[in-house]
> 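Structure in structure tokens, see below.
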Amino acid sequence: PIGSNEADIVWEWHFWDHLVQDINPSLDNYGIINENPQLLNINCEGSPGSGGGNVGIRDWNHCNSISYNTILDQIVISSRHMNEFYVIDHSTSIIEASSHSGGNSGLGGDFLYRWGNPQNYNRGNSENQILSAQHGVNWIQEGFPGAGNFIIFNNKHENNSSAVLEIVPPIQSNGLYEISGSEPFAPESYFWIYQSNFYSGFQSGAFRLENGNTLITSTNDSSVFEVNMDGEVEWSYEGDLKTARAIKYPLDYLSVSIPGDLNSDGIINILDVIQLINIVLSNTFQAGGDINNDEVINILDVVLL
């Protein structure tokens, strides 16, 4: 019944299972920080500038967004207080997700990739930190310009100004991310940036659109705007709006296709029958004409229509 809580947890992952520390050698998670970029240093303090009075045990990571890649079966998580984001393997079982092996990656629930603040794993310093209090990390969808790259709203980019960044990850054909020797995860910097007269110290986000433009929400400014790759604003809205992230839907998003409506005029009549007969005679395949879903278009579909 609606309202009951009878759902089963089918998969879960915890930061707690993927920690490293170099303080107490008697503990199982003891190790050298810069030799374990796949683990989170439990003594990492985060950034006071990004978390204010909440930094610490009460709000240690402050994860503010999560996105799932159906092709890679991976998840990306943004941590505001750590000023970086993490990619983990979703193909694992619950047991594997709590370990350091298993799944498509063979790494269990350890980080496959992290980016934004390499000093967190002792492979850089404050000069190498690019992300600060960021929000809304997500993969650019397949078929969109920049597909497979990450796009993110960097709230405190520099000089009281926010920015939207596109990052090209060093992903390999096997779904793993390349990292060399004692170097941090590449790239050293972003591939694309949009920075102008907008700033939001909290929330906000950005999404790449199919036409190559980027839809940006600047929550503190109560604005949503769309920019092209040259940084030109093509559409904007400002008003009584305090939304974390806006998404743009195509005009036909809620359109419901009618099975058998081959000419897409909203009704089924003799014109659709004629078109289906022509499909049969031409010996071609059109998904909308497979009325009985047997993966063959023939007289049986015509009769059913």
Side-chain angles (χ1 to χ4, degrees), residues 1 3-46 56-118 120-123 134 136-139 141-142 148 150 152 167 169-182 184-186:
S4 65
N5 185 12
E6 298 179 354
D8 295 324
I9 295 175
V10 296
W11 188 86
E12 60 183 340
W13 178 92
H14 300 268
F15 274 105
W16 191 256
D17 297 319
H18 307 282
L19 302 176
V20 64
Q21 53 84 26
D22 57 359
I23 304 298
N24 190 340
S26 67
L27 299 178
D28 292 339
N29 59 10
Y30 179 79
I32 299 174
I33 305 301
N34 63 10
E35 292 182 0
N36 291 278
Q38 78 283 7
L39 302 174
L40 181 64
N41 179 10
I42 192 173
N43 296 306
C44 178
E45 297 180 356
I57 194 65
R58 291 178 300 149
D59 195 12
W60 184 40
N61 302 98
H62 193 106
C63 295
N64 55 36
S65 70
I66 183 170
S67 182
Y68 175 60
N69 189 309
T70 58
I71 297 174
L72 299 174
D73 202 3
Q74 295 176 2
I75 289 173
V76 60
I77 305 168
S78 169
S79 170
R80 174 187 172 100
H81 287 176
M82 299 303 173
N83 304 301
E84 63 179 342
F85 63 81
Y86 312 99
V87 176
I88 58 175
D89 189 348
H90 177 260
S91 72
T92 56
S93 66
I94 291 180
I95 294 177
E96 289 172 335
S98 66
S99 73
H100 310 291
S101 62
N104 293 336
S105 65
L107 299 176
D110 288 347
F111 301 148
L112 305 182
Y113 181 62
R114 62 196 299 180
W115 196 85
N117 192 14
N120 284 349
Y121 51 106
N122 291 354
R123 293 197 178 190
Q134 78 287 341
V137 63
N138 61 92
W139 275 280
Q141 296 183 50
E142 286 298 311
F150 291 105
I152 193 165
I167 297 114
I171 191 168
Q172 305 172 91
S173 59
N174 60 2
L176 297 178
Y177 298 79
E178 183 178 4
I179 184 169
S180 303
S182 60
F185 278 107

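For this chain, numbers begin at 1 and follow the sequence in order.
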> Partners of Pro118 by side-chain contact (heavy atoms from CB on, under 4.5 Å), sequence neighbours excluded?
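Testing Pro118 for side-chain contact (heavy atoms from CB on, under 4.5 Å), a comparison that skips the adjacent residues, returns Tyr121, Asn128, Pro184.
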
> What's the spacing between His18 NE2 and Leu107 CG if we round to 0.5 Å?
10.5 Å

> Please report the shortest heavy-atom distance between Trp60 and Asn41, naming the atom on each side.
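Closest pair (atom of Trp60, atom of Asn41, distance): CZ2-O, 4.0 Å.
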
> For Ala186 and Pro170, which heavy atoms make the closest approach, and how far apart are they?
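Of all heavy-atom pairs spanning Ala186 and Pro170, the closest is O-CD, 3.2 Å.
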
> Does the side chain of Asn43 come within less than 4.5 Å of Ile23's, by heavy atoms?
yes

> Please test Leu19 against Leu39 for side chain to side chain contact (heavy atoms under 4.5 Å, CB included), starting from the C-alpha separation and ending with a verdict.
CA-CA 5 Å; Leu19 302 176; Leu39 302 174; 6.0 Å; no

> Looking at Pro37, is its backbone amide N or carbonyl O close enough to the side chain of Arg114 to form a donor-acceptor pair, meaning the two atoms are under 3.5 Å apart?
yes

> Without swapping roles, check the side chain of Gln134 against the backbone of Glu84 for a donor-acceptor pair under 3.5 Å.
yes

> Cut-off 3.5 Å, no hydrogens considered: what does the side-chain donor-acceptor table look like for residues 28-36, sequence neighbours left out?
residue: Asn29; atom: OD1; partner: Gln21; partner atom: NE2; Å: 3.0
residue: Asn36; atom: OD1; partner: Gln38; partner atom: NE2; Å: 3.1
residue: Asn36; atom: ND2; partner: Ile32; partner atom: O; Å: 2.8

> Going by side-chain contact (heavy atoms from CB on, under 4.5 Å), name the residues that satisfy it together with Ile77, two or more places apart in sequence or in a different chain.
Trp13, Cys63, Ile66, Ile75, Ile88

> Checking side-chain contact (heavy atoms from CB on, under 4.5 Å) against Thr92, which of Ile95, Asp89, Ile94 comes through?
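Checked Ile95, Asp89, Ile94 against Thr92; only one passes side-chain contact (heavy atoms from CB on, under 4.5 Å): Asp89.
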
> side-chain contact (heavy atoms from CB on, under 4.5 Å) with Val87: which of Phe111, Trp115, Tyr177?
Tyr177

> Among side-chain atoms of Asp17 and Ser98, is any donor-acceptor pair under 3.5 angstrom?
no

> What class does the angle between the rings of Tyr68 and His90 fall in, given that below 30° is parallel, 30 to 60° is tilted and above 60° is perpendicular?
perpendicular

> Specify the closest pair of heavy atoms between Gly148 and Pro169, including all atoms of both residues, with the distance to one decimal.
O-CG, 3.7 Å

> Looking only at heavy atoms, what is the nearest atom pair of Ser105 and Gly102, with distance?
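In this case the closest contact between Ser105 and Gly102 is OG-O, 3.9 Å.
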
> So, Tyr113 versus Tyr86, ring centres under 6.0 angstrom or not?
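No - the distance between ring centres of Tyr113 and Tyr86 does not fall below the 6.0 Å cut-off.
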
> Within this structure, what is the CZ-CG distance for the pair Arg123 and Asn120, rounded to the nearest 0.5 Å?
13.0 Å

> Determine the minimum heavy-atom distance between Asn104 and Leu72, stating which atoms define it.
ND2-O, 4.5 Å

> Is Ser79 close to His62 at the side-chain level, that is, under 4.5 Å between some pair of heavy atoms?
no

> Looking at Ser78 and Phe85, what are the two nearest heavy atoms and their distance?
CA-CB, 4.0 Å

> So, His81 versus Asn61: side-chain donor-acceptor pair below 3.5 Å or not?
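The criterion, which ignores hydrogens and geometry beyond distance, is not satisfied for Asn61 and His81.
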
